[in-house]
There are 2 protein chains.
Amino acid sequence: MEKKANIIDVARYLGVATSTVSRALKDHPSISAKTKKLVFNAVRELNYSPNKIAANLRSGNGTAIGVIIPKINSNFMSNCIFGIENVIYPSGYNLIICQSTEHYEKELSNVKTLIDSQVSGILISVSNETVSTGHLAMVKANNIPLIMFDRITESLQVDCIVNDDTRGAYEAIEHLIEQGYSKIALLNGPEHIYVYKNRYQGYKQALASNNLDLQPDWIIQNINTQSNAYQATCLLLDSKHPPDAIFCASDTLALGVLEALKQRNIQSPEQIGVVGYGNDIYGDLTTPTLTSVEQFPQEIGASAAQIMLQILEDKNVKSIPKTISIRPRLIVRRSSSRKVKPSI
Amino acid sequence: MEKKANIIDVARYLGVATSTVSRALKDHPSISAKTKKLVFNAVRELNYSPNKIAANLRSGNGTAIGVIIPKINSNFMSNCIFGIENVIYPSGYNLIICQSTEHYEKELSNVKTLIDSQVSGILISVSNETVSTGHLAMVKANNIPLIMFDRITESLQVDCIVNDDTRGAYEAIEHLIEQGYSKIALLNGPEHIYVYKNRYQGYKQALASNNLDLQPDWIIQNINTQSNAYQATCLLLDSKHPPDAIFCASDTLALGVLEALKQRNIQSPEQIGVVGYGNDIYGDLTTPTLTSVEQFPQEIGASAAQIMLQILEDKNVKSIPKTISIRPRLIVRRSSSRKVKPSI
DNA sequence: CTGAAAGCGCTTACAG
DNA sequence: CTGAAAGCGCTTACAG
C-alpha cells in the first residue's frame with residue numbers, strides 16, 4: 001500500500017517549492033495561471049488532497065464547527081441538525097456533533113473537547129440541567145464564536161435563534177377562544193426552561209388580551225411525560241371547575257391528554273379542546289387529529305448555521321448579539337375545531 | 001485576553017522538558033509519581049489542555065470517527081446516531097457527522113472530507129443512489145477502518161451491522177398466517193436496496209414454509225411514499241382477487257394502506273390485516289394501532305460503534321469481515337390481531 | 001527516570 | 001511571480 005501523497009511530493013514532482021503549491025491550491029493572485037495549471041494537474045496525477053489537520057495547526061483556522069445538543073433522537077433536534085448540516089456543508093466545515101444527554105457535566109465535557117479540537121465555532125442547545133454558564137464563558141474566552149438555539153440561557157451575551165414561543169402559545173390560545181372555549185387550562189413543562197417560561201407568558205398574555213381571568217387551578221407546571229400529563233388531565237377533569245380546553249406545551253403532553261379523554265369517553269373537540277406544541281409527526285394520526293404549533297426546526301438550525309458562517313467570514317466585525325425569533329405557525333386540526341371542522 | 005497555555009508553558013513553569021510533561025499526562029510508566037503529581041498540578045494551575053490537532057498531526061492518531069448517513073432527520077437514523085454517540089463518547093473520540101442526503105456525489109465528497117480530516121474510522125449507511133463502491137475502496141486504501149450499518153453494499157469486504165430483515169419479514173408473515181390470513185400482499189420499497197431485497201426474501205420464505213403460493217399480483221415493488229402506498233392499496237383492493245392482508249416493508253407505506261382502508265370503510269384487522277416495518281413512534285396512535293417490526297436502531301448504532309472501537313484498539317489484528325444481524329422483534333398491535341385482540 | 005532534538009504536513013512572513 | 005525557512009503544538013525514538 002502506497003502512502004498518501006503530501007504537498008512535498010507534489011512540489012518535488014513539479015520541481016517547485018511547497019509554498020508555490022500551497023498558494024496555487026488556494027488560487028493565490030501572485031501565482032501565474034500557468035503554474036496553477038501545472039499544480040492542478042500534478043495534484044490529480046498524484047491523487048493529492050491537503051491534510052486538513054496540518055493546515056489547521058499551522059494556520060490556526062479550524063476545519064470544524066461543533067454542535068452540542070441534549071439528545072439527537074428527537075424529531076425536533078434531528079431536524080435542527082438537518083437544517084444546520086445543509087447550510088454548513090457547502091462551506092467546507094465539518095460538523096462535530098456532541099450530545100449532553102441532558103447532563104450538565106457531559107455538556108461541560110463536550111465544550112472542553114470541542115475547544116481542544118480547535119473548532120471554529122460552537123452551536124449549542126443547552127441541557128435541562130444547565131443553569132451555570134461558566135463553560136459557555138470558556139468558549140468566549142477562547143475566542144470561539146458561540147451561538148445558542150432553541151434551548152438558550154438568557155444571561156449570556158450571544159446570538160440566539162429561537163422559536164417565538166410566546167407568540168406560538170398566544171396564537172394557540174386565541175384560536176381556542178375563537179372556537180368558543182373560555183376555560184382554558186395549561187399543561188406546562190419545567191418552568192425554568194426558557195421555552196416553557198415563554199409559552200406560559202403567551203398563555204397569560206392571550207388570556208389577558210381577551211379579558212379572561214387567570215385560573216391558578218388550571219395551570220399545571222412541571223409536567224414532563226405523557227403519563228404525567230395523563231394524570232394531570234384526570235385531576236383537572238375531576239376538579240370542581242373543570243376546563244373546557246387544554247393547551248399543552250408539547251405534543252407529548254397532548255398525547256397524555258387525549259389518552260385521558262378517550263379513557264373517560266369525553267369527546268374532543270366537542271367537550272374539550274386540545275392544542276399541542278411542536279407539530280410532531282403523529283399529529284395527523286391521533287384521534288382526533290391534533291392541533292399543534294409548528295416550530296420549523298430546520299429553519300431554526302439553518303438560521304443558526306448561517307449566522308455562524310457570517311461571523312466566521314468577517315471575524316473582526318464585532319456586532320451586538322441579537323436574538324432571532326422564527327415565527328411559528330398554528331396547524332389547526334380536529335382536536336380544537338369546534339366551530340368549523342377542518343378537512344383533515 | 002490571555003492566550004491558551006500550551007505544553008511549553010507547562011514545561012517552563014515546572015522547569016522540565018516538554019517530553020516529560022507529555023509523558024506524565026499519558027501516565028507513561030517511566031515517569032515518577034512525584035513528577036506526575038507536579039505536572040498535574042501545573043496543568044490545573046495554568047488551565048492547560050492538550051491541543052488535539054497538534055497531537056493528531058504528530059502521532060498520526062486521529063481524534064475523530066466519521067459517520068456518513070443518508071439523512072439524520074428520520075426516527076431510525078437519529079436513533080442509530082444516538083446509539084453510536086453513547087458508545088463513542090467515553091472513548092474520547094469526536095463524532096463527525098455527514099449527510100449524503102441520498103446522493104452519491106455528496107457521499108463521495110463526504111468520504112474525501114473525512115479522509116482529509118484524518119478520522120480514525122468511518123461508519124457508513126450508504127445512500128439510495130450508491131451502487132459504485134470506489135469511494136469506499138478509497139477508505140480502505142487509506143488504511144481507515146470502515147464499518148457499514150443498515151444500508152450496506154454487499155460487494156465489499158467490511159464489517160456490517162444490519163437488522164435481520166429476512167427474519168423480521170418472515171416473522172411478520174408467520175404472524176399473519178397464524179391470525180388466519182392467507183392471501184398476503186407485499187408492498188415493498190426499491191428492490192435494489194439491501195433491506196428491501198431481504199424483506200422480500202423473508203416474505204417469500206415464509207409463504208413457502210407455510211405452503212402458500214406466491215401470487216405475483218400481490219407483490220408490488222418500488223413503492224416509496226405514503227401516497228404511492230395508498231394508490232397501490234386501491235389497486236389491490238380493486239383487483240379480481242384482493243388480498244386479505246398487506247405486509248408493508250416500512251411503516252410509512254402502512255400509513256398509506258390504513259388511509260386507503262379507512263377511506264373505503266374496510267375494517268382492519270377484521271377484513272384486512274396490516275403489518276408495517278420499523279416500529280415508528282406513531283404505531284400506538286393510528287386507528288387501528290399498527291403491528292410492526294422493531295429494528296432496535298440504537299443497538300444497531302451501538303454495535304457498529306463497539307466494533308469500530310475494538311478495531312481501533314488492536315489495529316494489527318486483521319480479522320475476517322463479519323456481518324452482525326440484530327434480531328428484530330414483531331410488535332403485535334391491533335391492525336393484525338384478528339384472533340386475539342391485544343390490550344393495546 | 002528525564003531531556004534534547006527531530007519531525008508530523010502544512011502556511012506564511014520575508015526576501016528576491 | 002517564486003523560493004527558503006521558520007514554526008503551529010505536540011510526540012517519540014534516541015541518548016544518558
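Proteins come first, then strands; the chains are lettered A, B, ... in the order of their sequence lines, and each starts at number 1. These values consider heavy atoms only, across backbone and side chains, with no hydrogens, waters or symmetry-generated copies.
One atom, CD1 of A:Ile31, and another, P of C:dT12, lie 13 Å apart when rounded to the nearest Å. Regarding A:Asn56, its CG atom lies at a distance of 13 Å from the P atom of D:dC10, rounded to whole Å. A straight line from CG of A:Asn6 to P of C:dT11 spans 12 Å, rounded to a whole angstrom. Counting to the nearest Å, the P atom of C:dT11 and the CG atom of A:Leu25 are 8 Å from each other. Protein atom NZ of B:Lys4 is 15 Å distant from nucleotide atom P of D:dC8, rounded to whole Å. We find that CG of A:Asn51 is positioned 7 Å from C1' of C:dC10, with the value rounded to whole Å. Summarising the geometry, the separation between NZ on B:Lys34 and C1' on C:dC1 is reported as 11 Å, rounded to the nearest angstrom. Distance B:His28 NE2 to D:dC10 C1': 15 Å, rounded to the nearest Å.
Contact annotation: A:Thr18 side-chain N/O to C:dC10 OP1/OP2 distance is not under 4.0 Å.
Each of C:dT11, C:dC10, D:dC1 was ranked by its minimum atom distance to the side chain of A:Ser22; first place goes to C:dT11. In the set C:dT11, D:dA4, C:dC10, the nucleotide with an atom closest to the side chain of A:Lys26 is C:dT11. If you check C:dT12, C:dC1, D:dC10 against the side chain of A:Ser59, the one that comes closest is C:dT12. In this structure, the nucleotide among C:dC1, C:dC10, D:dC1 sitting nearest to the side chain of A:Thr35 is D:dC1. In this structure, the nucleotide among D:dG9, C:dG9, C:dA4 sitting nearest to the side chain of B:Arg58 is D:dG9. Looking at the side chain of A:Thr20, the nearest of the listed nucleotides D:dT11, D:dG3, D:dG9 is D:dG3. Checking D:dA4, D:dC10, C:dC1 against every side-chain atom of B:Ile7, the shortest atom distance belongs to D:dC10.
If B:Ala33 and B:Leu57 are placed on DNA chain C by their nearest nucleotide, the residue sitting closer to the 5' end is B:Ala33.
For A:Ser19 against D:dA5, no side-chain N or O and base N or O form a donor-acceptor pair under 3.5 Å. With hydrogens and angles left out, the side chain of B:Arg23 and the base of C:dG3 share a donor-acceptor pair within 3.5 Å.
Between B:Glu85 and A:Lys71, no side-chain nitrogen of the basic residue sits less than 4.0 Å from a carboxylate oxygen of the acidic one, so the salt-bridge criterion is not met. Salt-bridge formation is not detected for the pair A:Lys52/B:Asp116: no Lys NZ or Arg NE/NH1/NH2 atom is positioned less than 4.0 Å from an Asp or Glu carboxylate oxygen.
A donor-acceptor pair under 3.5 Å links the side-chain atoms of A:Thr113 to the main chain of A:Ser109, judged by distance alone.
Under the 6.0 Å distance and 45° angle rule, B:Lys106 counts as a cation-pi partner of A:Tyr89.
Under the Watson-Crick or G-U wobble criterion, with both distances below 3.5 Å, C:dA4 has no partner in any strand shown.
Contacts of A:Lys52 with the nucleic acid, taken as non-hydrogen atoms under 4.0 Å apart, are absent. A:Ser30 comes within 4.0 angstrom of a nucleotide base, judged by non-hydrogen atoms across all strands.
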Please test A:Gln298 against A:Asn79 for side chain to side chain donor-acceptor pair (under 3.5 Å), starting from the C-alpha separation and ending with a verdict.
-> CA-CA 5 Å; A:Gln298 291 191 21; A:Asn79 273 292; 2.9 Å; yes
Begin with the C-alpha distance, continue with both residues' side-chain angles, and end with the deciding distance and a verdict on side chain to side chain donor-acceptor pair (under 3.5 Å) for A:Asn56 and A:Thr63.
-> CA-CA 7 Å; A:Asn56 178 358; A:Thr63 63; 4.5 Å; no
